[in-house]
Asker: 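I have a structure I would like to understand better, so I am pasting it below and will then ask my questions one at a time.
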Amino acid sequence: MLQIAAIRENKEAFAQALTKRNIDAMPMLEQAIEVDERRRSLQAQLDETLSQSNKLSKQIGELFKSGKAQEANELKAQTGELKESSKNLAEQLQTAQNDLQELLYNIPNVPQESVPAGSTDEDNEVVEEHGAVPVLDEQAQPHWELVKKYDIIDFELGNKITGAGFPVYKNKGARLQRALINYFLDKNTAAGYQEMQVPHLVNEASGYGTGQLPDKEGQMYHVGNDDLYLIPTAEVPITNLYRGDLLEEKDLPIAMTGYTPCFRREAGSYGAHVRGLNRLHQFDKVEILRIEHPDKSDQALDDMVSHVKNILDELKLPYRILRLCGGDLGFTSTLTYDFEVYSTAQEKWLEVSSVSNFKTFQANRLKLRYRAGEKQTELLHTLNGSALALPRIMAGILENYQTADGIKIPEVLVPYCGFDMIQ
RNA sequence: AGUGAGGUGGCCGAGUGGUCGAAGGCGCACGCCUGGAAAGUGUGUAAACGGCAAAACCGUUUCGAGGGUUCGAAUCCCUUCCUCACUGCCA
């Protein structure tokens with residue numbers, strides 16, 4: 001959520017920056033400013049009214065104490081009107097606040113200078129490409145065939161017990177999955193990220209805090225009996241650990257990592273691109289998150305990108321880094337780098353990580369601030385990224401490391417797996 | 001799940017209708033004292049919103065959350081969430 005005070009000061013700059021998202025934000029911005037003016041005027045009126053009735057109440061109290069009951073009762077008669085109008089003003093103020101919030105909820109975050117123009121994923125800018133694409137022999141297969149051949153992932157079984165998009169990992173597949181989680185967590189903690197194990201269900205307030213609610217309600221599984229949501233990413237519980245906090249500069253930066261399963265309804269996704277591990281309702285992911293001083297978040301994003309690069313380099317997977325264009329940029333982000341691994345057998349790039357700087361957009365919803373001076377608090381910056389999402393890494397390994405004799409295990413994972421081949 | 005007791009500032013804790021943003025203590029900050037420190041001592045010590053572009057200052061709100069009673073609520077009533085203890089169940 002953007003800050004209304006900042007919009008008020010320079011709406012042109014906001015509108016200009018938002019053209020990168022191919023929207024004309026000016027009408028929304030102006031409407032927000034208008035509602036905000038209404039809100040402030042109502043606030044002032046209400047305060048004045050309440051102030052008057054507080055004064056009267058005090059007088060009445062004093063009169064009663066000194067035994068002047070009659071005078072007190074006369075004053076009492078005057079309070080009715082004030083009460084009426086304060087009630088009235090309070091209602092109007094509430095409406096104005098709700099209106100303003102709704103408007104602000106619908107304005108996306110402002111893209112950074114470096115975000116390329118464009119409308120679809122075709123316009124994303126390839127900033128780096130690493131690793132050699134292996135040459136596979138003729139019998140090379142996509143991962144959904146390989147997992148059957150080696151009996152390591154069973155989609156049918158998942159179908160039976162739950163439904164489509166809930167695979168069952170078996171044998172060396174399960175072990176490889178566990179190895180990846182441990183490997184990622186070890187890499188992240190070694191880089192200074194504090195490991196967190198958090199609940200996989202969150203309440204409504206947390207959903208609002210990170211921006212899944214109200215707009216993406218349909219993407220989350222909702223547990224009606226208890227009014228809780230299954231997390232779509234560890235970002236939600238981990239970021240919300242700091243919801244409402246006021247930090248000291250010495251506490252910064254805060255860097256956390258956590259492994260969780262992620263649950264996504266993915267309503268409306270069908271077809272070939274959701275085949276196999278490409279898109280699931282439940283998948284595993286290890287996430288990294290940072291809470292940063294506003295001056296340091298740009299550097300932090302670069303550091304996170306380097307960190308993810310380092311992991312992919314170690315896994316020796318061919319990958320590229322994209323800078324998302326304005327049209328593809330997530331609602332809450334100012335700048336996002338996507339990492340894609342090349343799946344040789346599918347001849348396709350698979351997104352395995354997305355690293356973003358949200359600046360104050362989430363912090364504003366979360367009310368996550370730091371003490372910036374004696375009498376001053378300011379919003380912090382939040383960032384997060386996947387390090388990494390499991391299924392497509394798994395797909396990438398299976399497909400790129402396949403040989404006629406079986407699937408080789410990347411060297412760095414061998415100690416974690418306890419074997420070096422899936423045969 | 002049942003019964004009982006609770007939820008007050010960074011922390012502990014007092015406060016059952018008015019002068020309570022809230023005693024007292026701890027902690028923290030600054031000063032005095034000291035060769036330096038400890039001890040002692042003095043002062044200060046919440047946030048949000050508005051007036052306002054900012055400071056000073058002023059106003060409003062906030063005692064788990066939401067509603068209600070009242071001229072006036074931390075205090076009374078209702079709803080709800082959470083914590084603790086005992087009982088039940090259970091990995």
Side-chain angles (χ1 to χ4, degrees), chain A residues 1-14 32-101 103-104 197 199-209 213 223-229 237 240-252 254 360 363-380:
Chain A
M1 186 165 66
L2 297 174
Q3 295 167 88
I4 186 63
I7 295 175
R8 216 192 289 153
E9 265 165 45
N10 199 348
K11 61 181 176 184
E12 285 79 13
F14 278 88
I33 291 171
E34 203 181 299
V35 173
D36 182 54
E37 262 160 29
R38 196 171 92 222
R39 182 196 119 242
R40 285 186 296 153
S41 139
L42 285 164
Q43 175 90 57
Q45 291 174 58
L46 176 62
D47 286 356
E48 177 56 28
T49 313
L50 288 173
S51 172
Q52 280 181 35
S53 71
N54 284 345
K55 270 186 207 142
L56 271 182
S57 289
K58 254 178 206 166
Q59 286 175 28
I60 291 169
E62 278 158 21
L63 287 171
F64 271 125
K65 243 181 201 166
S66 51
K68 299 172 184 161
Q70 198 179 336
E71 286 178 51
N73 282 320
E74 279 167 26
L75 280 187
K76 254 198 205 179
Q78 294 179 30
T79 60
E81 200 176 320
L82 284 173
K83 229 182 159 179
E84 183 69 24
S85 67
S86 66
K87 194 180 156 194
N88 205 334
L89 286 166
E91 272 168 22
Q92 289 183 58
L93 178 62
Q94 189 62 54
T95 307
Q97 279 169 345
N98 293 346
D99 290 354
L100 180 62
Q101 190 165 64
L103 283 165
L104 292 177
Q197 245 183 60
H200 302 162
L201 288 126
V202 292
N203 57 27
E204 202 181 48
S206 297
Y208 276 95
L213 293 174
V223 182
N225 275 349
D226 299 286
D227 201 17
L228 295 171
Y229 294 86
N240 272 282
L241 295 173
Y242 283 89
R243 169 153 45 89
D245 284 6
L246 178 56
L247 305 177
E248 302 294 334
E249 271 193 51
K250 67 174 164 54
D251 301 327
L252 302 170
I254 287 166
T360 59
N364 193 25
R365 280 195 177 191
L366 292 159
K367 297 287 166 270
L368 171 52
R369 298 150 300 157
Y370 73 103
R371 198 173 294 284
E374 273 207 28
K375 293 235 162 213
Q376 231 186 326
T377 64
E378 260 171 42
L379 294 174
L380 285 159

Asker: Taking the P atom of each, how far is B:rC33 from B:rG24, in whole Å?
Answerer: 27 Å
Asker: Mind checking who B:rC86 pairs with, Watson-Crick or G-U wobble, both distances under 3.5 Å?
Answerer: B:rG2
Asker: Write down the partner of B:rC49 under the Watson-Crick or G-U wobble criteria, each distance required to be under 3.5 Å.
Answerer: B:rG59
Asker: Taking only the C1' atom of each, what is the distance from B:rG17 to B:rC76 in whole angstrom?
Answerer: 8 Å
Asker: For atom P, what is the distance between B:rC57 and B:rG40, given to the nearest Å?
Answerer: 32 Å
Asker: Using Watson-Crick or G-U wobble geometry with both distances under 3.5 Å, which nucleotide pairs with B:rU41?
Answerer: B:rG31
Asker: What interatomic distance, in whole Å, is found between P of B:rU34 and the corresponding atom of B:rA29?
Answerer: 22 Å
Asker: Output yes when at least one side-chain N/O atom of A:K83 is less than 4.0 Å from OP1 or OP2 of B:rG72, else no.
Answerer: yes
Asker: Do A:E37 and A:S41 have a side chain donor and acceptor closer than 3.5 Å?
Answerer: no
Asker: Can you check the A:N203 CG to B:rA65 P distance for me, whole Å?
Answerer: 16 Å
Asker: When the P atoms of B:rA53 and B:rG44 are compared, how many Å lie between them, rounded to an integer?
Answerer: 32 Å
Asker: Are A:T377 and B:rA47 close enough that a side-chain N or O sits under 4.0 Å from OP1 or OP2?
Answerer: no
Asker: In whole angstrom, what separates A:E91's CD from B:rG67's C1'?
Answerer: 13 Å
Asker: Take atom CD of A:E62 and atom C1' of B:rG18, then tell me their distance rounded to the nearest Å.
Answerer: 9 Å
Asker: Starting the side chain at C-beta, find the nucleotide from B:rA47, B:rG72, B:rC49 nearest to A:S57.
Answerer: B:rG72
Asker: What integer distance in Å separates A:D47:CG from B:rA48:C1'?
Answerer: 12 Å
Asker: Over how many whole Å does the gap from A:K87 atom NZ to B:rC71 atom C1' extend?
Answerer: 16 Å
Asker: How do A:R40 and A:K55 order along RNA chain B: which one's closest nucleotide is nearer the 5' end?
Answerer: A:R40
Asker: Of all the nucleotides listed (B:rC71, B:rU61, B:rC49), which has the minimum atom distance to the side chain of A:T79?
Answerer: B:rC71
Asker: May I have the distance from A:E9 (atom CD) to B:rA54 (atom P), rounded to whole angstrom?
Answerer: 7 Å
Asker: Return the pairing partner of B:rU69 with a 3.5 Å limit on both distances, Watson-Crick or G-U wobble; otherwise return none.
Answerer: none
Asker: With respect to the side chain of A:S51, which nucleotide from B:rA53, B:rA46, B:rU60 is positioned closest?
Answerer: B:rU60
Asker: Give the rounded distance in Å between these two atoms: CD of A:E48 and P of B:rU61.
Answerer: 12 Å
Asker: Applying a 3.5 Å limit to both distances, which nucleotide forms a Watson-Crick or G-U wobble pair with B:rU16?
Answerer: none
Asker: Under 3.5 Å, is there a donor on one side chain and an acceptor on the other for A:Q52 and A:E48?
Answerer: yes
Asker: So what's B:rA91 paired with, Watson-Crick or G-U wobble, going by both distances under 3.5 Å?
Answerer: none
Asker: Scan A:N54 against the nucleic acid and name what it touches under 4.0 Å (heavy atoms): base, sugar-phosphate only, or nothing.
Answerer: sugar-phosphate
Asker: Passes side-chain hydrogen bond (donor to acceptor under 3.5 Å, both in side chains), A:S85 versus A:N88? Steps please.
Answerer: CA-CA 5 Å; A:S85 67; A:N88 205 334; over 6 Å; no
Asker: If we take the P atom in both B:rA55 and B:rA73, what is their distance in whole Å?
Answerer: 31 Å
Asker: Choose from B:rC49, B:rU60, B:rA47 the nucleotide whose nearest atom is closest to any side-chain atom of A:R371.
Answerer: B:rA47
Asker: Which value, in whole Å, describes the distance between the P atoms of nucleotides B:rU8 and B:rU3?
Answerer: 24 Å
Asker: To the side chain of A:I60, which of B:rA47, B:rA48, B:rC71 is closest?
Answerer: B:rC71
Asker: Looking at B:rC71, B:rG50, B:rA47, which one has an atom nearest to any side-chain atom of A:K76?
Answerer: B:rC71
Asker: Looking at A:L368, A:V202, A:L366, which one forms a side chain to side chain contact (heavy atoms under 4.5 Å, CB included) with A:N240?
Answerer: A:L366
Asker: If B:rU75 has a Watson-Crick or G-U wobble mate with both distances under 3.5 Å, name it; if not, just say none.
Answerer: none
Asker: Give a yes or no on this: more than 12 heavy atoms of other residues, nucleotides or ligands lie within 6.0 Å of atom CD of A:Q3.
Answerer: yes
Asker: Please report, rounded to the nearest Å, how far the P atom of B:rA47 is from the CG atom of A:L368.
Answerer: 16 Å
Asker: Tell me, with the steps shown, if A:Q94 and A:N98 meet side-chain hydrogen bond (donor to acceptor under 3.5 Å, both in side chains).
Answerer: CA-CA 6 Å; A:Q94 189 62 54; A:N98 293 346; 3.2 Å; yes
Asker: For A:T95 and A:E91, indicate whether the former's side chain and the latter's backbone hold a donor-acceptor pair under 3.5 Å.
Answerer: yes
Asker: With rounding to the closest Å, how many angstrom separate the P atoms on B:rA14 and B:rG72?
Answerer: 30 Å
Asker: Is there a side-chain polar atom (N or O) of A:R369 under 4.0 Å from OP1 or OP2 of B:rA48?
Answerer: yes
Asker: Would you say CD of A:Q70 has more than 12 non-hydrogen atoms from neighbouring residues, nucleotides or ligands within 6.0 angstrom?
Answerer: no
Asker: Take A:G61 and A:R39, find for each the nucleotide of RNA chain B with the closest heavy atom, and name the residue whose nucleotide sits nearer the 5' end.
Answerer: A:G61
Asker: Using a 4.0 Å heavy-atom cut-off across all strands, classify A:S53 as base, sugar-phosphate, or nothing.
Answerer: nothing
